[in-house]
Every structure is written in C-alpha cells, then in structure tokens.
Engineer: 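What follows is a single structure, and I will ask about it in a moment.
This structure is a prediction, so every number in the text was calculated from the model and none was measured. Numbers for residues simply follow the sequence, beginning at 1. Counting starts at 1 for both ligands and their atoms, in listed order.
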Amino acid sequence: MSKPRVLVARRIFPEVMARLGEHFECVANDADAVFSPAELSQRLAGCWGVLTTGSERIDDALLQANPQLRAVCNMAVGYNNIDVAACRAHDVVCTNTPDVLTETTADFGFALLLATARRITEAEAYLRAGRWDRWSVDMMIGPDVHGSTLGVLGMGRIGQAIAKRGAHGFGMDVIYHNRSRLDAPTESACKARYVSKDQLLMQADHLMIVVPYSPSAHHAIGGAELAQMKPTATLINIARGGVVDDAALAQALQTGVIAAAGLDVFEGEPQVHPELLNCRNVVLTPHIASASRATRLAMATLAADNLVALATTQQALTPVPEGLTGWAA
Ligand code: 8YV
C-alpha cells in the first residue's frame, strides 16, 4: 500500500524527517522558503497531512482547495495561524506542541526581562561604539529585578514557569491576571497572587505578557494600558505580535510613559515597527524564545509524532483544545 503524502512546510531536523519517512511520502522544503498562501495550497495537492509552523496560514480557502487534507500538525504551542473551526468543519484534525517548550520559553522570558531591566544590549552597543571612556556612578543604571514586583499577564503553563522563576529564584513578589483564577495549590506553587488587570498594570515593576493570541486579546496592551503602568516599569512580550499595540508601545517608550521593553514577537513579523527600531530602550529578538536545540527538536518530534499517531491510530497525541481558537480572520 502506498504511504500517505505529508508536506513538511518548513525545513526541520533530518532525524525528524527520517522518522516521518518511515510512515509517509514526505514533500520537504529544503530551501526553507516561506510559501505564499497560493504556493502552500498548491504544494498541499494530494497531501493527507501537513507539518506547519507559525509561518503557515491554514484557512477555509486552503481547506476547500485541498479536501483530501486530514491532519494539520503545528510545530508550535500557539495556533493562531490555523482556523481551527474551519478545520473541524472540513474534518481536519489540528495539533500543537504544548509542554515541550514551557521551560525553555520561560528561561528566555527571564533572559529578556534581565536584559531589558539591566540594559544589557544597550550597554553592549555603547561599548562596541567606543563610547565607554570611564566608569561613572549612574552609567546604565536601571531597576532591580530581585525583590521587585513581577506581573504576569496570562497564567498558563509558560506564565506559571515564569512566576516560579521570579518568586523562587529572584525573590520577586508575583502578581498575575488571567481569564480564570488558578486553583489554590497552583497559586501557592507559583507564589503568585491573582489581581485585576488594572491592578496588574499599576503595580508591576516588570510586566510579562504570556497570553495566547485571540481576537479578544488583540491590543490587550495599548496606549491606555501603558498609561496605567509605572513610568519606571518594563514590559516583556514573548506571547504573540498583536497582543501589544507596537505603535503605541514605541510612543510610550519614546515619551517615558514606561522605562523599557523587551520584545520577541511583533505585529506583522518578521517586519518590526520602524519606531521600535529607533528606540534606545527596547531589546529586540527575532521570535527565538523556544530556540534551544533540544526544545526545537522536541517540538518537531511531537508534531511528527502527532502525524504518525493520527495515521496509525486515528488519535492525536496533543490535539488543539476543543472550543479554543486563536484565529483572527
Ligand atoms: C515557535 C511559538 O518557534 O510555540 C509557539 O507558539 O511561538 C514558537 O515557539 C514558532 O511559532 C514557530 O512555529
């Protein structure tokens, strides 16, 4: 019997391609091109499944053009690139990669927080530019991280891992806001206190955005929310572009509404708002929070394992949760 055909939409690890090859006829993308919607749709011709990343948009038009498609396995915990409702309507199963990236992403959130608060990239640029000619008492001073108040917006797995690092590693007072309050044992493991969104904005010295993207989270942090924050505060976004209004943030950074920001995700990435590029007080990274080798391998493997499980047992290992969607048409 011939093997089902699977498109692997971006370049992934050879060992994962080898595993897929045991079960599928794989269509690879060795050039690692980011396909336009039309190209993606064409390459899916005859495919039973697809391994996607956040760069591929799976929408109703693409599903209509590829009625043979049964499985969309995303190599990401977020799935706002996929119209999950349309997939259900077309009888296509969607999976994501939760858990395997939690700790690595939380490490990176903390790295970005430390770099932002302690002005690490700004200081390095100053040094490399040959501007360091003497020690001075207030050179590159900034706020402390230890002992300060960490605000976490979005207290899922990654939010909780960040809260634990803050509370247990840095002696921070951790407050959080989430759609629903955590149960008492989880709150106590994270040493985190539930507060309203207003209180979170007003009290946090460092605000960490870890909320998944959804239409209701669009611009959850805009000009009005930034104005509620302390002028000494820092904001870190490792969630998704679009949760923060980047234009409003750039203005807030330029006018001293908040002190600094650290951003790993952007509206319309890989484009970055030009005003952010002009800001001295922002640390910018190209969506690398999950980018440890072990974690990226684990993510690719889990996405592949979902394809194999679906093909062999008709059961996904990590299906996208019922009823949740991050899709904004
Ligand atoms: C991915 C991410 O690297 O998992 C997610 O949701 O944002 C990142 O870890 C990216 O989406 C590529 O798929």
Engineer: Please identify which atoms of ligand 1 are closer than 4.0 Å to at least one heavy atom of Arg240.
Structural biologist: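 Once the distances to Arg240 are compared, the set is 2 (C), 5 (C), 6 (O), 7 (O), 11 (O).
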Engineer: Do any nitrogen or oxygen atoms of Ser290 come within less than 3.5 Å of a nitrogen or oxygen of ligand 1?
Structural biologist: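 Such a contact does occur with ligand 1.
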Engineer: Please list, in number order, the atoms of ligand 1 under 4.0 Å from a heavy atom of Leu101.
Structural biologist: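 Answer for ligand 1: 4 (O), 9 (O).
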Engineer: To check your reading of the model: name the closest protein heavy atom to atom 13 (O) of ligand 1, its residue, and the distance in Å.
Structural biologist: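 Sorting protein heavy atoms by distance from atom 13 (O) of ligand 1 puts Met75 O, 2.8 Å first.
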Engineer: Taking both backbone and side-chain atoms of Thr97, is any N or O found less than 3.5 Å from an N or O belonging to ligand 1?
Structural biologist: no
Engineer: With no hydrogens and no angle check, is any side-chain donor or acceptor of His273 less than 3.5 Å from a backbone partner on Glu275?
Structural biologist: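 Yes: the side chain of His273 pairs with the backbone of Glu275.
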Engineer: How about Asn66 and Ser41: does a side-chain donor come under 3.5 Å of a side-chain acceptor?
Structural biologist: yes
Engineer: Looking at Arg296, which atoms of ligand 1 are within less than 4.0 Å of one of its heavy atoms?
Structural biologist: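 This gives 3 (O) as the contact atoms.
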Engineer: Is there a side-chain contact between His23 and Thr312 in this structure, where contact means two heavy atoms from C-beta onward sitting under 4.5 Å apart?
Structural biologist: yes
Engineer: Heavy-atom distances under 4.0 Å decide this one: backbone, side chain, both or neither, for Asn74 against ligand 1?
Structural biologist: neither
Engineer: May I ask you to check whether Thr318 and Asn306 show a side-chain donor-acceptor distance below 3.5 Å?
Structural biologist: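 Indeed, the side chains of Thr318 and Asn306 share at least one donor-acceptor pair under 3.5 Å.
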Engineer: Against heavy atoms of Thr53, which atoms of ligand 1 measure under 4.0 Å?
Structural biologist: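 What qualifies from ligand 1 is 13 (O).
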Engineer: What I'd like to find out is whether the side chain of Val27 reaches to under 4.5 Å of the side chain of Arg5, using heavy atoms alone.
Structural biologist: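 Yes, their side chains come closer than 4.5 Å.
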Engineer: With only distance considered, is Ala239 within less than 3.5 Å of ligand 1 through an N or O on each side?
Structural biologist: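 Checking ligand 1 against Ala239, no N or O pair falls under 3.5 Å apart.
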Engineer: Between the side chains of Tyr176 and Glu187, does any donor sit under 3.5 Å from an acceptor?
Structural biologist: yes
Engineer: Starting from atom 4 (O) of ligand 1, which protein heavy atom do you reach first, and at what distance in Å?
Structural biologist: Val77 N, 2.8 Å
Engineer: To the nearest 0.1 Å, how far is atom 10 (C) of ligand 1 from its closest protein heavy atom, and which atom is that?
Structural biologist: His287 NE2, 4.0 Å
Engineer: Which protein heavy atom lies closest to atom 11 (O) of ligand 1, and at what distance to 0.1 Å?
Structural biologist: Ala76 CB, 3.5 Å
Engineer: Is the side chain of His206 donor-acceptor paired with the backbone N or O of Asp144 at a distance under 3.5 Å, no angle test?
Structural biologist: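 Yes.
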Engineer: Does a side-chain heavy-atom distance below 4.5 Å link Ile82 with Asn96?
Structural biologist: no
Engineer: Short N/O distance, under 3.5 Å, between Gly54 and ligand 1?
Structural biologist: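 Yes: some nitrogen or oxygen of Gly54 is under 3.5 Å from one in ligand 1.
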Engineer: Return yes if a side-chain donor-acceptor contact under 3.5 Å exists between Asp198 and His177, otherwise no.
Structural biologist: no
